[in-house]
K.L.:
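Please read through the structure below; I'll follow up with questions.
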Amino acid sequence: MTAGAFSQVDSSGDHRISAREFRRAVLETTEAAGARVSAEECAALFESFDEDNSGEISYKELAAALQPSTAALNRKALRGSSRLPAKPR
């Protein structure tokens with residue numbers, strides 16, 4: 001994710017993405033793609049990105065979470081928690 005894309009999600013301009021900002025961005029993105037994400041799934045994803053448990057996601061946390069190897073681990077962990085449905089094959 002580029003800094004510009006991060007700034008678009010960070011509507012408050014505080015250089016952190018709140019749960020509300022994250023939820024809005026995820027819902028807008030998935031709806032545009034014709035998909036649906038539940039509030040529970042969105043919360044689980046937010047929690048997996050918020051590594052320091054601050055209640056906000058920094059650019060560094062989001063960039064790390066979106067790395068291919070980390071993203072695969074996040075999907076696996078979330079599926080194991082039963083908060084995210086299994087990835088379709």
Side-chain angles (χ1 to χ4, degrees):
M1 169 174 267
T2 66
F6 183 89
S7 295
Q8 288 180 340
V9 175
D10 176 24
S11 60
S12 66
D14 64 356
H15 306 289
R16 296 224 168 247
I17 296 175
S18 69
R20 183 180 69 66
E21 290 168 329
F22 183 81
R23 184 173 40 256
R24 180 183 46 82
V26 168
L27 293 176
E28 287 175 3
T29 303
T30 55
E31 286 175 6
R36 291 182 183 239
V37 175
S38 73
E40 186 177 78
E41 291 167 336
C42 193
L45 190 58
F46 180 86
E47 289 171 14
S48 74
F49 287 9
D50 181 20
E51 290 199 8
D52 65 1
N53 297 313
S54 66
E56 298 176 310
I57 300 172
S58 68
Y59 179 79
K60 183 178 176 181
E61 287 173 319
L62 188 61
L66 295 177
Q67 291 296 315
S69 59
T70 305
L73 290 173
N74 285 337
R75 282 193 304 274
K76 184 177 179 182
L78 291 171
R79 277 196 303 274
S81 74
S82 76
R83 294 181 73 174
L84 191 66
K87 184 178 177 183
R89 296 179 188 239

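Position 1 is the first residue of the sequence; numbering continues from there.
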K.L.:
If you measure from CD1 on Ile57 to CZ on Phe22, what distance do you get to the nearest 0.5 Å?
P.N.:
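Rounded to the nearest 0.5 Å, the CD1-CZ separation comes out at 5.0 Å.
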
K.L.:
How long is the straight-line distance from OG of Ser58 back to CD of Glu56, given to the nearest 0.5 Å?
P.N.:
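Separation between the atoms: 9.5 Å.
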
K.L.:
I need the minimum non-hydrogen distance between Arg36 and Glu41, along with the two atoms involved.
P.N.:
O-OE1, 4.2 Å

K.L.:
Give me the atom names and distance for the closest heavy-atom approach of Val37 to Cys42.
P.N.:
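Shortest heavy-atom separation between Val37 and Cys42 comes out as CG1-N, 3.8 Å.
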
K.L.:
What are the two closest heavy atoms between Ile17 and Phe46, and how far apart are they?
P.N.:
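Heavy-atom minimum between the residues: O-CE1, 3.7 Å.
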
K.L.:
If I take atom CG from residue Leu45 and atom CD from residue Glu40, how far apart are they, to the nearest 0.5 angstrom?
P.N.:
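Leu45 atom CG to Glu40 atom CD measures 12.5 Å (nearest 0.5 Å).
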
K.L.:
Return the CG to CD distance between Asp10 and Glu21, rounded to the nearest 0.5 Å.
P.N.:
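Asp10 atom CG to Glu21 atom CD measures 5.0 Å (nearest 0.5 Å).
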
K.L.:
Same cluster or not: Val26 versus Val9, using hydrophobic residues (I, L, V, M, F, W, Y) connected whenever any side-chain heavy atoms lie under 4.5 Å apart?
P.N.:
yes

K.L.:
Do you know which two heavy atoms are closest between Arg16 and Glu61, and how far apart they sit?
P.N.:
NH1-OE1, 4.1 Å

